[in-house]
**Student:** 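For reference, the structure I am asking about is given below.
Keep in mind the model is a prediction, meaning the values are calculated, not measured. Residue numbers start from 1 in every chain, and the chains themselves are labelled A, B, ... in the order their sequence lines are given, proteins ahead of strands.
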2 protein chains.
Amino acid sequence: MTSGQPLPGGQEPTLTISEVVERTGLSHDTLRYYEKAGLIERVGRTTGNQRRYAAADLAWLEFLIRLRGTGMSIADMQRFAELRSRGGATVPERLAMLRAHRADLADRMRALRRNAAALDDKIDHYERLLDQPGTDDET
Amino acid sequence: MTSGQPLPGGQEPTLTISEVVERTGLSHDTLRYYEKAGLIERVGRTTGNQRRYAAADLAWLEFLIRLRGTGMSIADMQRFAELRSRGGATVPERLAMLRAHRADLADRMRALRRNAAALDDKIDHYERLLDQPGTDDET
DNA sequence: GCTTGACCTGGAGCGCGCTCCAGGTTCTAC
DNA sequence: GTAGAACCTGGAGCGCGCTCCAGGTCAAGC
């Protein structure tokens, strides 16, 4: 017997922490930190207390990674994870959170595009400076 | 006499730190920190040692704010400011920095769009869950 | 049985980008 | 001249998101 977890339907593939590190790109420490922080529910253990991640754990981690990738804070992810752990009744609240976050993200992307445009202008400016080195207009 | 600075051409408008706070949205502390960090050259002072920002200082600050807004680190901004302070000969290096940063920014924006798309999918998923509450597919 | 490497825990530490604080000086209005 | 607001400096502190460390336990191969 290798797994300290119930096996819901047939055989459940489980992964060691190092395998999850490989698949997610997160570090060992970050995985343990996420669990401690409650971002993921306590992962199953072997009888020897070593973590074994189920496929569902991995899928959830991958979603968390995307949330992080859109700039969601750990605190908000904790709140989201807590709602999720409370079951289907919290779907409206979760949806509201994601929509708010999505709107925020859209704002940040707009700002990013504006700033990128200013950066492009500056690049153009320098390119022109190099082409005709007479004007030493320092700004 | 109010300004401890030379006045290059005609009257140079100068601003107190609080006026710059208003115009830039940066805090007093951040402005002083940026100066201490070498992001802006030492700002002119009154005889009483109070800062007076020239129009050029403000323009440079606004550019720095845009660089920050595209995710450039303080360390890189220090490097850029140092190049700028060394004069026109460093224009090629500055251009290279900005181009590299621009490419990096493009990568990050692409990643952001991918993650935003995943977020949209999840939102759709939750909306469908709410419309037909039979399937309690928790992922 | 023994070695070696993977894994465990609790807690300290770190890099970043500010932000705050104490204690003092300067400016403005009256 | 005086009160009160604005400003100065050096340095400590903070919130975030990890990252590292010490001191162990566990697992796999020989």
**Student:** Take the protein atom CG of A:Leu64 and the nucleotide atom C1' of D:dG17, then report the distance between them rounded to whole Å.
**Tutor:**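 Spelled out: CG on A:Leu64 to C1' on D:dG17 is 14 Å.
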
**Student:** Measure the distance from CD on B:Glu19 to C1' on D:dA6 and round it to the nearest whole Å.
**Tutor:**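 Computing the B:Glu19:CD to D:dA6:C1' distance gives 12 Å.
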
**Student:** Taking atom C1' of C:dC20 as reference, at what distance in whole Å does atom CG of B:Leu26 sit?
**Tutor:** 17 Å

**Student:** D:dC7 phosphate, OP1 or OP2: any side-chain N/O from B:Thr16 under 4.0 angstrom?
**Tutor:** yes

**Student:** Taking the nucleotide of DNA chain D with the closest heavy atom to each, which residue, B:Ile17 or B:Lys36, is nearer the 5' end?
**Tutor:**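 Going by which nucleotide is closer to the 5' end, it is B:Ile17.
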
**Student:** Pull out every residue in residues 68-77 of chain A that has a heavy atom closer than 4.0 Å to any atom of DNA chain D, ordered by number, or say none.
**Tutor:** A:Arg68, A:Ser73, A:Ile74

**Student:** In whole Å, what is the span from the CZ atom of B:Arg45 to the C1' atom of C:dC27?
**Tutor:** 16 Å

**Student:** With respect to the side chain of A:Thr30, which nucleotide from D:dC18, C:dT19, D:dC7 is positioned closest?
**Tutor:**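 Output: D:dC18.
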
**Student:** Name the orientation class of the two ring planes belonging to B:Phe80 and B:Trp60 (parallel below 30°, tilted from 30 to 60°, perpendicular beyond 60°).
**Tutor:**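 Parallel.
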
**Student:** Can you find a pair of side-chain heavy atoms, one from B:Lys122 and one from A:Arg66, that are under 4.5 Å apart?
**Tutor:**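 Answer no - side chains too far apart.
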
**Student:** Are any non-hydrogen side-chain atoms of B:Leu83 and B:Arg86 less than 4.5 angstrom apart?
**Tutor:** yes

**Student:** Any side-chain N or O of A:Tyr34 under 4.0 Å from OP1/OP2 of D:dC18?
**Tutor:**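 Yes, such a contact exists.
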
**Student:** What's the CD-C1' distance between A:Glu22 and C:dA6, to the nearest Å?
**Tutor:**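 A:Glu22 atom CD is separated from C:dA6 atom C1' by 13 Å.
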
**Student:** Between C:dT9 and A:Arg51, is there an OP1 or OP2 to side-chain N/O distance shorter than 4.0 Å?
**Tutor:** yes

**Student:** Between C:dC8 and A:Arg52, is there an OP1 or OP2 to side-chain N/O distance shorter than 4.0 Å?
**Tutor:**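 For A:Arg52, the contact criterion (side-chain N or O under 4.0 Å from OP1 or OP2 of C:dC8) is not met.
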
**Student:** Choose from D:dC7, C:dT19, C:dA6 the nucleotide whose nearest atom is closest to any side-chain atom of A:Gln50.
**Tutor:** C:dA6

**Student:** Determine whether A:Leu26 and A:Val20 make a side-chain contact, defined as any pair of heavy atoms from C-beta on separated by less than 4.5 Å.
**Tutor:**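 A side-chain contact is absent here, since even the closest heavy-atom pair is not under 4.5 Å.
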
**Student:** In whole Å, what is the span from the CG atom of B:Leu39 to the P atom of C:dC16?
**Tutor:** 13 Å

**Student:** Distance check needed: D:dC20 C1' versus A:Tyr33 OH, whole Å only.
**Tutor:** 15 Å

**Student:** With sequence neighbours excluded, tell me which residues meet side-chain hydrogen bond (donor to acceptor under 3.5 Å, both in side chains) with A:Arg79.
**Tutor:** A:Glu93

**Student:** Any non-hydrogen side-chain atom of B:Met109 less than 4.5 Å from a side-chain atom of A:Arg113?
**Tutor:**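 Heavy-atom side-chain distance check passes, below 4.5 Å.
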
**Student:** Starting the side chain at C-beta, find the nucleotide from D:dC7, D:dC20, C:dC18 nearest to A:Asp29.
**Tutor:**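 Nucleotide nearest to A:Asp29's side chain: D:dC20.
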
**Student:** Using atom CD1 of B:Ile65 as one end and atom P of C:dG17 as the other, report the distance to the nearest whole Å.
**Tutor:** 15 Å

**Student:** Between A:His28 and B:Asn49, who's closer to the 5' end of DNA chain C by nearest nucleotide?
**Tutor:**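 Its nearest nucleotide being more 5', the pick is A:His28.
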
**Student:** Could you grab the distance from atom CE of B:Met77 to atom CD of B:Glu82, nearest 0.5 Å is fine?
**Tutor:** 14.5 Å

